[in-house]
Amino acid sequence: MNPHRQSGRAGLHDEEDFVDILEERRRSSDLGHALRTFKPQPYTGALPCSASDLNKSVLESQYLRYMTKEIAMETGSSVEAVKQEACGILEEMSHNLQLGFIRLLGFTLTKVFKRIFSSIHVNMEGLSRLQQAIQECPVILMPSHRSYVDFLIISYILFTYDLPIPVIAAGVPLAGMKMIGEILRRSGAFFIRRGIGSDKLYWAVLSEYVKTIVRKGFAPMEFYVEGLRSRTLKSLKPKLGMMHMVLEPFFKGEVYDITLVPISISYDRVLEESLLAHELLGVPKPKETTMGLLKAARVLQEDYGSMHVNFGHPLSVRQLSQNKINRSQYNLIPRDLPQKPSAETQACTNWLAHLVVRVQEEGSVVSPWSLMACLLLQTPSATLAEEGLAWDQLTQKTLWLRTLALGFGACLNWPGHVPESDVMSSSMALHHSVVQHKRGRVHLVEEKDPAGNRPVSPEEGVLRRAAAVLMVASYRNQALHIFVRPALLVTAIHTTKSTHRDELFAFFCFLQNVFSNEFIFIPDRASEDFEEACSLLRKCGAVQISPQEVAELEAGLQTTCFLQALLQPFIETYQVVLRFLCEEADHVFSEKQLLPAVRSLATRLILSGELHTYEALSSDTQKNVLSALLRLEAVTKLRTTESKYRVNRAAIRRIGDILSGKIPPQMLIAAPDARL
Amino acid sequence: AGPTEIMKWNGWGYSDSRFLFNKKGQAEFTGKRYRLSGMILPSLKDWFEGTFGASLQHKSPATVSAIYIYFFNAVQPPTLNEAFVEDLKSVGIPFSHDAEDRVFRAHGHCLHEIFALREGKVGRVPDLVVWPNCHNDVVKIVELACKHSVCLIPYGGGTSVSSALECPPEETRSIVSLDTSQMNRILWIDEKNLTAHVEAGIIGQDLERLLNENGYCTGHEPDSMEFSSLGGWVATRASGMKKNIYGNIEDLVVHIKMVTPRGVIEKSCLGPRMSTGPDIHHFIMGSEGTLGVVTEVTMKIRPMPEYQKYGSVVFPNFEQGVACLREVARQRCAPASIRLMDNEQFQFGHALKPQVSSIFTSFLDGLKKFYITKFKGFDPHHLCVATLLFEGNREKVLQHEKQVYDIAAKFGGLAAGEDNGQRGYMLTFVIAYLRDLGMDYYVIGESFETSVPWDRVLDICRNVKERIIRECKERGVQFPPLSTCRVTQTYDAGACVYFYFAFNYRGLSDPVHVYERVEHAAREEILANGGSLSHHHGVGKLRKEWMRETLSNVGMGMLKSVKDYVDPNNIFGNRNLL
C-alpha cells in the first residue's frame with residue numbers, strides 16, 4: 001500500500017473541502033478572535049511543559065552530560081566551561097512560547113492577511129484529522145516553504161481552531177532581527193544556526209532539544225524538511241539532519257509512534273517573487289533586519305491573491321518504517337548515549353523525508369497562472385518580450401493544459417462558476433509585474449532601469465530578461481511535479497528513439513538519477529514512477545503500451561511536445577554546465593569560481609544564439625548540477641581545502657553523451673548506474 | 001487419587017476451586033484451599049462487565065464438560081511400540097495408555113491449549129505415559145527408548161506456558177510421556193552445609209512443606225509453585241518471587257543429575273563454585289526437556305524466616321513507581337519481593353476485595369481513599385501501587401521496612417498498608433483461576449513476561465501496552481482490551497516486566513488466532529524495545545522463531561552441537577528451543 005497515494009490525488013473539488021478562514025475574520029471582531037478562550041488538548045500522554053522546564057531537562061539530560069564530558073576531554077577545557085557554553089547555545093536557541101504573544105500575533109496577522117490576501121483557504125477535513133492525530137501521539141508539522149509568510153500561518157490556523165500551538169524550528173538570522181526575533185521566540189520559534197558543520201556541542205544541544213520536544217509531546221513541532229525557503233518555488237531535496245533528530249525517539253522506542261503531517265502551502269503570488277529571481281542571478285540575499293522588513297512594508301500594498309493551506313493525511317512513522325528499520329539495533333547501547341545512525345536508519349530517514357516532500361507536492365494547489373507560465377516559457381523569450389503571444393492562442397492552450405493536468409491528477413484551483421477567460425485575465429492582472437496583456441497579446445515585462453530608458457549593454461539586457469524569465473519559471477515550477485514523471489518518459493522516448501520498455505526504463509532511471517537534485521523522486525521507486533508515467537501517458541492517448549513496448553502515438557503529439565519542452569530548459573542548463581566543466585574549467589575549481597564562470601558562458605551562448613533558455617543563468621540549477629555530479633562521482637570534493645572540487649572529464653563527457661542520446665540505451669542496460 | 005481427579009482437566013488448578021457468578025450475580029470463589037475460598041467478591045462483576053464489555057447474559061461454557069467421557073473415547077488410539085511396552089513390563093515400571101492420562105499430559109496452560117480442550121478439540125497426544133519411581137527407573141526408560149526408537153517427553157507439573165508440552169504433530173515415532181510425579185522424595189537434608197538432595201519430580205508446595213517441617217525452606221516461590229516441579233524449574237530456568245533473598249534457580253542449585261541418551265551427566269563434588277570451564281549446569285538449566293530428564297537435584301536451603309511482613313506503597317503514577325524501584329535496586333535494599341502494578345492492575349486488585357464484614361472496615365477504606373485521592377491529590381486513574389514482602393528477623397525487617405518506605409516517600413509514595421500488599425500476592429495465585437471464569441463469558445487472556453534494562457522499563461511498558469490495544473483494534477476485536485503490566489522483579493541492571501492481556505471475543509470467528517497474532521505482535525514490540533525473549537517462562541515452541549536473532553548464529557550452533565552430541569537420535573523429541 002502506498003499511504004501517500006491517499007492524499008490529494010483527485011482534483012481538489014472532489015475531495016477536500018476548503019474553507020476561507022479570512023471570511024469570518026472579515027465579518028467579526030479581530031480583537032474578539034485574538035482574545036478567544038483557547039484550551040487545546042495535547043496528546044494524551046503529555047504533561048504541560050514550560051519553556052524553562054524544557055531547557056532544564058535538556059541541560060540535565062544524561063546525553064548532554066555525557067557529551068559535555070567528552071567534549072571537555074577532547075578540547076582540554078573544563079567540564080564547567082563546556083557546560084556554560086552549552087547553556088549559552090541553549091539560550092540562543094530556545095523558544096519562549098507565550099499565549100499572550102500568540103494573541104497579539106493573531107490580532108496583527110489578521111490585519112495583515114486581510115490586507116494582502118483575498119482569501120486563505122484551509123481544508124477542514126485535514127484540520128480535523130490533525131486534531132485526531134494530536135491526541136494519539138507526538139505530531140510533527142511539515143509545511144512546504146516558499147515564503148516568510150509560511151512561518152506563522154500554521155500557528156495562526158491552529159490558534160484559530162483550538163489546536164496546540166507548535167514549536168517551530170527557524171533559522172538564527174531571524175532571531176537577530178530586533179523585536180521580530182523576540183516576537184517570534186515568544187510565538188514558539190526556536191532558532192538554529194546555519195552551517196553548524198562540525199560543532200559537536202552545538203549538534204548535541206540541538207538534537208537533545210529537538211528530541212526532548214518530541215518525547216515530551218506537549219506541543220507539535222513544526223519544521224521545514226526542505227531546510228530552506230525554496231527560491232525557485234520548486235520542492236527542494238529534503239535535508240536529513242533535523243529529520244533524523246525528530247525520528248530517533250521513535251526508532252529508540254521512546255515514543256510509541258510519531259505522526260508526520262505534510263502541509264502544502266500554495267500561493268497565487270509569492271510576496272518575495274522579485275527578490276527571489278534576483279538572488280538566483282547572483283544578487284545576494286539582503287540580510288534579514290527589522291528595517292529591511294519595514295522597507296518591505298510596501299509589498300503589503302499589493303494584492304497577492306489567495307493562499308491555500310492543505311493539511312495532508314497524517315503519516316504514521318511506525319507504519320511506514322515497518323520492515324525498513326530493525327529497531328532492536330538500538331538495544332546494545334544505552335539509549336542516552338550518542339549512536340551514529342546505521343546505513344539502514346539513514347536510508348529510512350531519507351526515504352521518509354522524500355515521501356513527505358512528495359506528499360506536499362501532491363497536496364499543493366496549482367493556480368491557473370502556473371499553467372499559463374508553463375506555456376509562456378515554451379515561447380522563445382525574445383519573442384515573448386518583443387512581439388508577445390496572442391491572447392487567444394494562450395487561452396486555448398491553457399484550457400487544453402488544464403484538461404491534461406486534471407487527467408494527471410493535479411489539484412487545481414480553477415474557479416468553476418466564473419467564465420474561463422475571466423479566470424485567466426484576473427490571473428494576469430495579479431501578475432502584472434511580470435506579464436502584461438496589451439491589444440490581444442501577452443508580453444513579458446522586463447524591469448525598467450531606475451534612471452530611465454538609457455541603452456544598456458547586451459549582457460545587462462540578458463540579465464534583465466533572465467530576471468523576468470526566472471520569475472515566470474518559478475510559477476511554472478509550482479506545476480512541475482504534475483508533469484515530471486511523464487515528461488521524463490517522453491524525453492526518454494525522444495532521446496533514445498527506442499520503443500523497448502527495458503531500454504526506456506534504463507534511460508528513465510538515468511534521468512531520475514541525474515535530476516534527483518532537481519525534482520523529488522522517492523528513493524527506490526523508479527519502477528513505480530515509470531509505471532505511473534506509462535499509465536498517465538496511455539490514459540491521455542499519447543502512447544500505446546504493450547508488455548515489451550511503449551510506442552508514441554501520432555494523436556498525442558501535442559502532449560508529448562509539451563512535456564518534452566517542459567524539461568528542455570533543465571536539460572540545456574545541465575548541458576551548459578557539463579560543457580563548461582569539460583572544455584573551460586580548470587581541473588580543480590571552487591564553487592565560488594564556478595557560478596560566475598558558468599553564468600558568463602551561458603550569457604555568451606545566449607547572445608550568440610546557441611543557447612535558448614535564460615534559465616541557464618539560475619544559480620540554483622547550476623548548484624544542483626554540481627550536487628548531482630558530486631553524487632555521481634563525476635566531480636570529487638578535495639579533502640585538503642574547503643569547497644574545492646576536482647573534475648573527472650571522462651565521466652562528465654559520458655553523462656553529457658547519454659543525456660544527448662549519443663550513447664545508445666543498450667549500453668545503459670549493461671551499466672545502468674550513471675556513475676562510471 | 002491421582003492428579004487427574006483432584007485437578008481440572010480443562011482449566012487451571014484444583015477441581016474444587018473456581019470462580020463463578022452465583023444466582024444473585026455475585027462473584028464467589030469456591031472450595032476451602034485459599035484465603036479467598038468461600039468468599040463473595042461484590043465488585044468483581046462490575047469490574048468484569050465494565051472492563052471487557054462482557055455480560056453475565058452471554059455465556060460461553062466449555063462445550064464438553066459434562067460429557068467428557070465421550071470426548072475421551074474420541075481420542076485417537078495410541079500408536080504403541082510393542083517391543084518397548086514389553087520391555088517396560090519386564091522391568092516393572094508402571095505405565096498407562098488410557099486416553100484420560102494421555103490427554104492430561106498433552107498440554108500446558110497456554111491459552112490456545114486450554115481453549116481447545118474446552119471446545120473438545122485435541123491434537124496429537126502422547127501414546128503412553130510412564131511413571132518412573134526413581135533415578136534408576138529413568139535410566140532404564142531412557143535406555144529402552146534409545147533401543148526401540150521411542151520419543152520421550154518429560155512431564156513434571158504441567159504448568160508450561162510456552163507450548164513446551166505439545167506433541168510435535170510431525171512426530172511419527174511412538175511418543176512416551178515420562179511423568180516424574182512419583183519421584184517426589186527428599187533424599188537427605190545436610191544441616192551442616194544447608195543443602196537438601198531432592199528427587200526432581202517433587203512439586204513446589206510439597207517441597208516447601210516438607211522442608212518447613214524440619215525448620216527449613218528453599219525460598220523458591222514461582223507463582224506456579226502449587227503445581228510446578230523442581231525438575232521443571234531446572235529445565236526452564238525458573239525464577240521465584242523471593243529471589244532477592246534466595247536467588248533464582250541457577251543460584252539455588254548446587255548439583256544436578258540428568259539422564260541423557262548418552263548416559264548420566266553430573267558433577268563429581270558439591271563445591272559451591274567451580275572454575276572448570278563453562279558450567280555444564282548451564283547446558284541443563286533451560287534445556288526444556290530437549291537433552292534428558294533431570295532426576296535429582298541438590299539445592300541450598302535456609303532456616304525458615306522468623307518474621308514476615310507484607311506492605312504496600314501507593315504512587316501518584318507509574319513513572320514515579322518505576323523510579324522508586326530503580327532507586328531501591330540501586331541501593332540494593334530490595335525486600336524479599338517488590339512488585340509494582342500499573343493503574344489498571346491496581347483497579348483489578350480492588351475488584352477482588354472480598355465482602356467486608358464490618359462497617360468499620362469499610363468506613364476505614366473510604367477514609368483511606370479520601371485521604372489519597374482528595375487530600376493528597378492522587379488521580380485514581382493514574383495512581384499505582386507497589387506490593388512488598390519483607391522477611392528475616394523481626395528487628396531487621398522493621399529497619400528494612402523503614403528504609404524502603406523512606407525511599408518511596410522521595411518519589412511521592414505513601415504507605416498503603418499490609419492488607420493491600422497481601423492481597424496483591426494472593427492475586428498471583430488466583431489469577432489463573434480467573435482466566436477460566438473469563439472463558440465462561442467470552443473473555444480470553446494470558447500473561448507473558450520479559451526482562452529489560454532499567455532505562456527502557458517505562459518505554460517498553462508504554463509501547464507494548466499500546467501495541468496490544470492497537471493490534472486488537474486492527475484485528476477486529478469489538479471491545480477495548482485489558483492491557484496492563486507490572487514490574488515483578490528488580491535486578492542491579494534491569495527488571496522483569498509482566499504483561500497481562502485479555503479481551504472480549506464476541507463477534508470474532510477465530511478468537512484464538514486473533515489472540516495469538518496480538519501476542520506475537522506484542523513480543524515483536526518487546527524485542528524491538530530492548531526486552532528479552534523470556535525472563536523465566538522459557539521458549540518452548542511458542543517463542544522458537546526468535547531464538548536465532550536472540551542468540552546469534554554462533555550461539556544457535558553451540559546449542560545445536562550440544563543437542564547433536566547428547567541426543568543424536570532426538571529421543572527427547574519435544575522440539576522445544578531449537
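Each chain gets a letter, A, B and so on, in the order its sequence line appears, and its residues count up from 1.
Closest approach of B:Arg462 to A:Gly253, counting heavy atoms only: NH2-O, 3.4 Å. Closest of all the heavy-atom pairs between B:Ala528 and A:Asn331 is O-OD1, 3.9 Å.
Look at B:Arg456 and A:Glu254 and you find no salt bridge, because none of the NZ, NE, NH1 or NH2 atoms lies under 4.0 Å from a carboxylate O.
Between the side chain of B:Asn529 and the backbone N or O of A:Arg327 there is no donor-acceptor pair closer than 3.5 Å.
The neighbour count for B:Lys544 NZ, taken as heavy atoms of other residues, nucleotides or ligands under 6.0 Å away, is above 12. Within a 6.0 Å sphere centred on CG of B:Asp279, other residues, nucleotides and ligands contribute more than 12 heavy atoms.
Scanning residues 335-353 of chain A against chain B with a 4.5 Å non-hydrogen threshold yields A:Arg335, sorted by number. Chain A is approached within less than 4.5 Å, heavy atom to heavy atom, by B:Glu466, B:Arg467, B:Arg470 from residues 464-474 of chain B, ordered by number.
The side chain to side chain donor-acceptor pair (under 3.5 Å) check on A:Asp162 picks up nothing, with sequence neighbours excluded. Under the rule for a side chain to side chain donor-acceptor pair (under 3.5 Å), the partners of B:His382 that lie at least two apart in sequence or sit in another chain are B:Asp379.
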